[in-house]
Amino acid sequence: MSAHRVVIVGGGFGGLYAARSLGKEPVSVSLVDRRNFHLFQPLLYQVATGALSPGEIASPLRYVLGRNRNTEVLLGEVVDFDVNGRRVILRDGELAYDDLVVATGATHHYFGRDDWAEIAPGLKTIEDATEMRRRILDAFERAEREPDAAKRQAWLTFVIVGAGPTGVELAGALGEIANDTLRHDFRHINPAAARILLLEGADRVLPGFPPDLSAKAERQLIELCVRPRHGARVTDIDSEGVTVESGGVVENIPTRTVLWAAGVRASRLGKKLAERTGAQTDRAGRVLVEPDLSIAGHPEIHVIGDLAVFTHQTGKPLPGLAPVAMQQGRYVARLIVKRLRGGTMEPFRYFDKGALATIGRHRAVAQFGRFHVSGFPAWFLWVFVHLMYLVEFENRLLVLVEWVYNYITRNRGARLITSGKS
Ligand SMILES: Cc1cc2nc3c(=O)[nH]c(=O)nc-3n(C[C@H](O)[C@H](O)[C@H](O)COP(=O)(O)OP(=O)(O)OC[C@H]3O[C@@H](n4cnc5c(N)ncnc54)[C@H](O)[C@@H]3O)c2cc1C
């Protein structure tokens with residue numbers, strides 16, 4: 001009899017951890033991804049700000065799963081599902097499954113203003129990160145050559161929309177670039193004169209963290225000359241600037257660099273799955289899953305990570321975080337094997353190990369249950385945790401060396417303007 005076929009769509013945190021957990025089991029695993037690498041998204045902002053190079057935070061899936069003899073890695077884009085025929089439809093083929101794990105994650109959401117995407121890039125892929133890096137570095141170059149004071153200031157104004165962890169990390173890194181990394185590099189401008197505005201619609205930065213940590217994060221941002229603004233709603237963005245409404249006052253901020261860190265929307269496959277299975281989705285297009293992460297009426301289809309809405313633990317959806325996706329990946333792998341052996345599993349439970357956000361050198365906030373930490377200890381923890389979770393030993397070593405070098409020299413070695421249209 002041929003082995004039980006498990007198809008995993010997506011080699012991000014959820015899909016990769018599911019595949020790894022199935023590596024020694026008596027099943028046949030096919031992992032399909034439209035990219036040939038696993039991307040460590042939590043460090044994307046370091047690529048966007050020239051601290052790390054793309055290859056240091058990405059690992060070839062074929063290499064990572066190379067030792068799993070029961071696993072094949074397929075480069076391909078999934079476009080649809082035939083749930084009755086139990087087939088995954090690729091852009092250029094199809095794959096049969098007995099169990100299906102869908103882990104295609106999320107993408108940016110511009111709240112109905114997709115035209116802003118061109119002007120205000122988000123941060124989700126390597127291409128996004130190198131494009132952000134290009135825009136940030138190019139802005140300083142343009143300012144250096146700009147004779148007109150108002151235009152020069154527009155080049156030196158950076159607006160980050162969204163003060164969640166990604167927005168805060170980007171703003172902090174920009175603060176360091178302006179005040180530290182570039183301080184001796186220009187002759188006609190003072191990079192420290194850059195205005196870095198962090199806009200947030202809620203009433204504080206890091207709204208997902210407890211208020212005391214938000215306040216500490218805000219203080220640390222201000223130390224880096226970042227100007228956080230709460231209750232600020234972006235109403236328009238164009239190539240000349242950003243329009244913001246705050247407390248009934250509308251303001252136009254002239255800027256050439258807007259970075260988007262505000263909303264996320266589920267991958268399009270969520271909608272497809274819902275159409276094919278009758279599953280429900282939330283407003284962000286994420287698929288509502290059962291307590292065992294399957295789709296109602298389809299115990300053989302499992303949806304995990306950023307694509308899933310799991311509300312069975314607290315009544316609220318679990319956050320879109322890497323540990324959630326990793327734990328869900330491991331859970332579905334165990335579930336599939338147990339069921340094959342005729343067993344059952346307890347519902348999925350997320351073990352929350354805490355939350356971290358870094359702001360810059362020696363600056364971070366961390367929450368572990370009732371324990372709230374900020375400053376150097378939180379930053380040190382952040383460094384340790386991120387090194388630990390990088391997928392390959394080789395990448396851990398490379399990133400460690402780069403960080404130590406950057407720490408000593410205060411440099412950012414990957415300050416390259418490599419792509420771009422202008
Ligand atoms: C900038 C940024 C910073 C973050 N920082 C943190 C952090 O500090 N801590 C934290 O815990 N979390 C962080 N996150 C969130 C975390 O990265 C996600 O929660 C996690 O990646 C979700 O894992 P996933 O497997 O669901 O999806 P992903 O990791 O996004 O993986 C999805 C995979 O599916 C593939 N795919 C998509 N569509 C298709 C298709 N149609 N066909 C084939 N393949 C497809 C993609 O190529 C990708 O490899 C951050 C996210 C971002 C974007």
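The first residue in the sequence is number 1, and the count goes up from there. In listed order, ligands and their atoms are each counted from 1.
The pair Glu223-Arg219 does not meet the salt-bridge criterion, since no charged nitrogen lies less than 4.0 angstrom from a carboxylate oxygen. Salt bridge annotation for Asp115-Arg113: present, with a cationic side-chain nitrogen under 4.0 angstrom from a carboxylate oxygen. Taking 4.0 Å as the cut-off between side-chain N and carboxylate O, Lys124 and Asp128 do not count as a salt-bridged pair. The existence of a salt bridge linking Glu251 and Arg229 is confirmed by a sub-4.0 Å separation between a basic side-chain nitrogen and an acidic carboxylate oxygen. Salt bridge annotation for Arg412-Glu176: present, with a cationic side-chain nitrogen under 4.0 angstrom from a carboxylate oxygen.
For a threshold of 3.5 Å applied to N or O pairs, the pair formed by Phe13 and ligand 1 contains at least one separation below that value. Between Val78 and ligand 1, at least one N/O pair is under 3.5 Å apart. Backbone and side-chain nitrogen or oxygen atoms of Ala322 are examined, and one is located within less than 3.5 angstrom of a nitrogen or oxygen of ligand 1. Below 3.5 Å of separation, one finds no N or O of Glu77 facing any N or O of ligand 1. Considering backbone and side-chain N/O atoms, Thr166 never comes within less than 3.5 Å of an N/O atom of ligand 1. Checking only distances, Ala325 never comes within under 3.5 Å of ligand 1, N or O to N or O. In terms of polar-atom proximity, defined here as any N/O pair under 3.5 Å, Asp306 does make such a contact with ligand 1. In terms of polar-atom proximity, Asp33 is counted as a contact of ligand 1, with an N or O under 3.5 Å from an N or O of the ligand. Inclusion of Gly14 in the set of residues having an N or O under 3.5 Å from an N or O of ligand 1 is warranted.
Applying the 4.0 Å criterion to heavy atoms of Gly320 picks out, from ligand 1, the atoms 15 (C), 19 (O). For ligand 1, the atoms sitting less than 4.0 Å from at least one non-hydrogen atom of Gly12 are 25 (O), 28 (P), 29 (O), 31 (O), 33 (C), 49 (O), numbered in the order shown with element in parentheses. The distance from ligand 1 to the heavy atoms of Gly10 drops below 4.0 Å at these ligand atoms: 33 (C), 34 (O), 35 (C). Close contacts between ligand 1 and Gly105 involve ligand atoms 26 (O), 27 (O), 30 (O), 32 (C) [criterion: under 4.0 Å to a heavy atom]. Close contacts of ligand 1 with Arg35, meaning ligand atoms under 4.0 Å from a residue heavy atom, involve 47 (O). Against a heavy-atom cut-off of under 4.0 Å, Pro323 is close to the following atoms of ligand 1: 11 (O). Counting the atoms of ligand 1 from 1 in the order shown, those under 4.0 Å from a heavy atom of Gly305 are 26 (O).
Atom 5 (N) of ligand 1 has as its closest protein heavy atom Pro42 CA, 3.4 Å. Of all protein heavy atoms, the one closest to atom 38 (N) of ligand 1 is Arg34 CZ, 3.4 Å. Remark: minimum distance from atom 17 (O) of ligand 1 to any protein heavy atom is reached at Gln41 OE1, 2.9 Å.
For Val324, no heavy-atom contact with ligand 1 is shorter than 4.0 Å.
Nearest-heavy-atom check against atom 1 (C) of ligand 1 across Leu90, Leu123, Thr104, Leu307 picks out Leu123.
For the pair Phe140/Leu156, a side-chain contact is recorded, criterion being any heavy-atom separation below 4.5 Å from C-beta on. Residues Ile237 and Trp260 have side chains in contact (heavy-atom distance under 4.5 Å, counting atoms from C-beta outward). In this structure, Thr71 and Leu22 have side chains that are not in contact, with every pair of non-hydrogen atoms separated by 4.5 Å or more.
A donor-acceptor contact closer than 3.5 angstrom links the side chains of Gln46 and Trp403.
In this structure, the side chain of Arg86 does not engage the main chain of Val83 through any donor-acceptor pair within 3.5 Å. At least one donor-acceptor pair closer than 3.5 Å links the side chain of Arg204 to the backbone N or O of Phe209.
Within the structure, the closest approach of Pro165 to ligand 1 does not fall below 4.0 Å when heavy atoms are considered. Contact annotation: Ala103 has at least one heavy atom less than 4.0 Å from an atom of ligand 1. Note on ligand 1: Gly76 sits in its first shell, one or more heavy atoms being nearer than 4.0 Å.
For His386 and Phe384, the distance between ring centers is not under 6.0 angstrom.
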I would like to know whether Thr104 and Ser267 meet side chain to side chain donor-acceptor pair (under 3.5 Å); could you show each step before the answer?
-> CA-CA 6 Å; Thr104 48; Ser267 116; 2.7 Å; yes

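Note on ring orientation: taking the six-membered ring where Trp is involved, the planes of Tyr407 and His362 are tilted (angle from 30° to 60°).
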